[in-house]
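A quick write-up on the structure given underneath.
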Amino acid sequence: MKKFFKHNQFMALIISFVVLVLMSQIVEAKQTVAGIIMANTFLTTKTIAREALVTLRNQLVMKYLVYPNFSNEYQKEGDTIRVKKPTVLKANMFSDEIDIQDISQDSVDVQLSYIPDVSVNWTSKERALNLADFKKEYLDPAMLAISELVDETIFSDFYPFVPNYVGESGVTPDDLTDFSNAAKVLNDMKCPAAGRNAVWNTSANAKFSNIPAIVNAEKSGSTEALREGNIGRIQGLNNYWSQKVQTHVAGSFTAVTAPKVNTASVKDSYTIVLKGGAGTETIKKGDIFSLITDGKSYSYAAASDATAVAGVVSITTSTPIGAVHTVDTAITFPDKTTGGHVANLAFVPQACLLVTRPLEVPLGNKEGYTISYEGLSLRVVAGYDIKTKKEILSMDMLFGVKAARPELAVRILG
């Protein structure tokens with residue numbers, strides 16, 4: 001009897017051991033299958049964000065030509081933050097004693113007004129793609145769309161405040177003198193020599209492509225990474241072309257026959273009153289004009305829309321009034337006959353601020369990631385829309401634009 005029980009106990013142990021081995025193999029098989037499913041099914045938002053930010057960085061043009069301001073402090077759309085203007089100092093030739101300059105920086109308010117967004121429905125089919133295929137089919141087009149919107153917004157928020165101009169409205173730049181004339185204005189405004197940039201529209205770029213000196217500039221090569229649309233360095237300007245250069249449509253007051261100063265201006269104020277219209281002619285934000293006082297030419301840009309009353313219009317300028325302009329001083333509007341111009345731009349980075357801040361991942365969201373690098377921040381969020389019963393992948397960023405020192409830029413009219 002004892003031998004019988006011992007035999008059964010031994011068999012039970014063997015059976016238990018076999019069962020444990022089989023169960024462990026089943027568990028390992030399940031884990032292996034799960035690992036395969038996870039590897040082939042799920043692209044995480046972290047992986048997508050990292051790849052997307054690199055792509056976005058390589059496609060942006062204006063972001064790397066203007067002055068960046070970035071911190072890791074999370075913000076939301078509509079927030080207004082106070083940031084310092086870029087410092088601009090002047091070099092003086094030493095004689096008897098040094099000229100001490102104040103390095104305190106003025107601050108400006110910048111509203112974080114913009115969230116360019118690309119959101120798509122994605123299913124298990126998209127989630128099953130490897131990263132290379134997902135990048136090609138979805139990330140590249142998404143980042144291209146965001147980069148184009150960012151560049152366009154920088155242009156549209158920057159150029160209206162630039163008061164200086166050269167060239168002729170309605171006439172496309174097509175000569176090396178267009179570069180040298182722009183460079184002269186930057187020199188006259190005492191802009192820093194380093195880091196000067198110019199961005200031209202497609203029509204100007206087409207004209208330039210027939211000038212041997214410019215074609216050779218393109219072929220000169222550089223040890224620096226080339227950005228999209230690089231034309232080359234000419235007349236001290238790093239030149240680019242872009243489809244996002246803006247066309248300004250002028251107000252009707254620019255066509256007034258003989259506009260003049262209505263009341264004497266106050267130096268360092270931001271208001272000048274003009275006359276010459278017949279009724280309710282308009283000034284549009286971004287309209288430019290010039291006048292001569294004591295033999296010196298002054299140019300101004302309208303910082304906001306305005307409407308004349310009985311032919312008299314009060315204009316808020318983007319830069320301070322540079323002199324006391326007396327009554328009846330003649331005014332010149334370059335858009336007088338064409339009603340507008342292409343606003344090609346030459347500038348130093350300090351002329352325009354690009355302010356970017358990271359966006360928080362929404363509370364309660366199970367999958368989301370925000371990544372920042374080189375003053376860029378991108379948020380990628382995956383979620384489920386219960387109304388449509390669809391999964392959504394959303395990619396966005398937050399930024400604001402401010403013409404901080406518009407006098408350090410010049411429009412080359414086209």
Partners meeting side chain to side chain contact (heavy atoms under 4.5 Å, CB included) with Ala250 (sequence neighbours left out): His248, Thr254, Asp287, Asp335
Whether Asn238 side chain and Arg196 backbone form a donor-acceptor pair below 3.5 Å: yes
Criterion side-chain contact (heavy atoms from CB on, under 4.5 Å) on Leu393 and Asn121, from CA distance to verdict: CA-CA 6 Å; Leu393 182 69; Asn121 291 319; over 6 Å; no
Validation row: Ile392, Trp122 side chains within 4.5 angstrom (heavy atoms): no
Non-hydrogen side-chain atoms of Phe155 and Val245 separated by less than 4.5 Å: yes
Least distance between heavy atoms, Met397 atom then Leu56 atom: SD-CD2, 4.0 Å
Full working for side-chain contact (heavy atoms from CB on, under 4.5 Å) between Ile81 and Gln75: CA-CA 9 Å; Ile81 58 176; Gln75 301 286 349; 3.9 Å; yes
Distance flag, aromatic centroids of Phe134 and Tyr138, threshold under 6.0 Å: yes
Worked verdict on Thr271 versus Val266 for side-chain contact (heavy atoms from CB on, under 4.5 Å): CA-CA 8 Å; Thr271 302; Val266 177; over 6 Å; no
Residues forming a salt bridge (Lys or Arg N to Asp or Glu O under 4.0 Å) with Lys244, sequence neighbours excluded: none
Minimum heavy-atom distance between Ser372 and Pro358, given as atom pair plus value: OG-CB, 4.1 Å
Residue pairs, two or more places apart or on separate chains, that pass salt bridge (Lys or Arg N to Asp or Glu O under 4.0 Å) and touch residues 290-313: none
Summary of ring pair (Phe, Tyr, Trp, His ring centres under 6.0 Å) pairs that have at least one residue in residues 281-301, sequence neighbours excluded: Phe289-Tyr300, Phe289-Phe333, Tyr298-His325, Tyr300-His325
Carboxylate-amine/guanidinium contact Asp328 Lys275, below 4.0 Å: yes
Thr329 side chain near Lys260 side chain, heavy-atom distance below 4.5 Å: no
Any side-chain heavy-atom pair of Val273 and Val313 under 4.5 Å: no
Partners meeting side-chain hydrogen bond (donor to acceptor under 3.5 Å, both in side chains) with Lys76 (sequence neighbours left out): Asp79
N/O donor-acceptor pair under 3.5 Å between Gln59 side chain and Arg57 backbone: no
Side-chain donor or acceptor of Arg82 paired with backbone N/O of Ser107 under 3.5 Å: yes
Steps toward side chain to side chain donor-acceptor pair (under 3.5 Å) verdict (Thr44, Thr47): CA-CA 5 Å; Thr44 68; Thr47 302; 2.9 Å; yes
Contacts of type side chain to side chain contact (heavy atoms under 4.5 Å, CB included), residue Gln235, not counting sequence neighbours: Phe179, Ser180
Nearest heavy atoms of Pro116 and Leu149, plus distance in Å: CB-CD2, 3.7 Å
For Ser314, all residues meeting side-chain hydrogen bond (donor to acceptor under 3.5 Å, both in side chains), sequence neighbours excluded: none
Main-chain N/O of Ser119 paired to Ser394 side chain as donor or acceptor, under 3.5 Å: no
Counting only pairs under 3.5 Å, give me each side-chain donor-acceptor contact of residues 317-324, with atom names and distances, residues two or more places apart or in other chains.
residue : atom : partner : partner atom : Å
Thr317  : OG1  : Tyr270  : O            : 3.4
Thr317  : OG1  : Thr319  : O            : 2.8
Ser318  : OG   : Phe161  : O            : 2.7

Side-chain touch Arg233/Asn239, heavy atoms, less than 4.5 angstrom: no
Glu168 side chain vs Gly414 backbone, donor-acceptor pair below 3.5 Å: no
Donor-acceptor pair, side chain of Asn181 and main chain of Asp178, under 3.5 angstrom: no
Check: Pro334 main-chain N/O paired with Ser169 side-chain donor or acceptor under 3.5 Å: yes
Aromatic ring proximity Tyr240/Trp200, centre distance under 6.0 Å: no
Taking every non-hydrogen atom, the tightest pair across Pro173 and Asn344: CG-ND2, 3.8 Å
Heavy-atom closest contact (Glu360 atom, Thr370 atom, distance): C-OG1, 4.5 Å
Whether Arg379 side chain and Met395 backbone form a donor-acceptor pair below 3.5 Å: no
pair Phe253-Leu274: side-chain heavy atoms closer than 4.5 Å: yes
With Asn69 via side chain to side chain contact (heavy atoms under 4.5 Å, CB included) - residues at least two apart: Val83, Leu353, Val355, Arg357
For Lys207, all residues meeting side chain to side chain contact (heavy atoms under 4.5 Å, CB included), sequence neighbours excluded: Thr172, Asp174
Partners meeting side-chain hydrogen bond (donor to acceptor under 3.5 Å, both in side chains) with Thr332 (sequence neighbours left out): none
Beyond-backbone contact of Leu378 with Met143, side-chain heavy atoms, under 4.5 angstrom: yes
Residue pair Arg411 / Leu345, side-chain heavy-atom distance below 4.5 Å: yes
Greater than 12 external heavy atoms within 6.0 Å of Gln243's CD: no
Side-chain donor or acceptor of Asn201 paired with backbone N/O of Ala204 under 3.5 Å: yes
Residue pairs passing the ring pair (Phe, Tyr, Trp, His ring centres under 6.0 Å) test where at least one lies in residues 355-387, sequence neighbours excluded: none
Shortest non-hydrogen contact from Leu408 toward Met189: CD2-O, 4.1 Å
Side-chain donor or acceptor of Lys336 paired with backbone N/O of Thr257 under 3.5 Å: yes
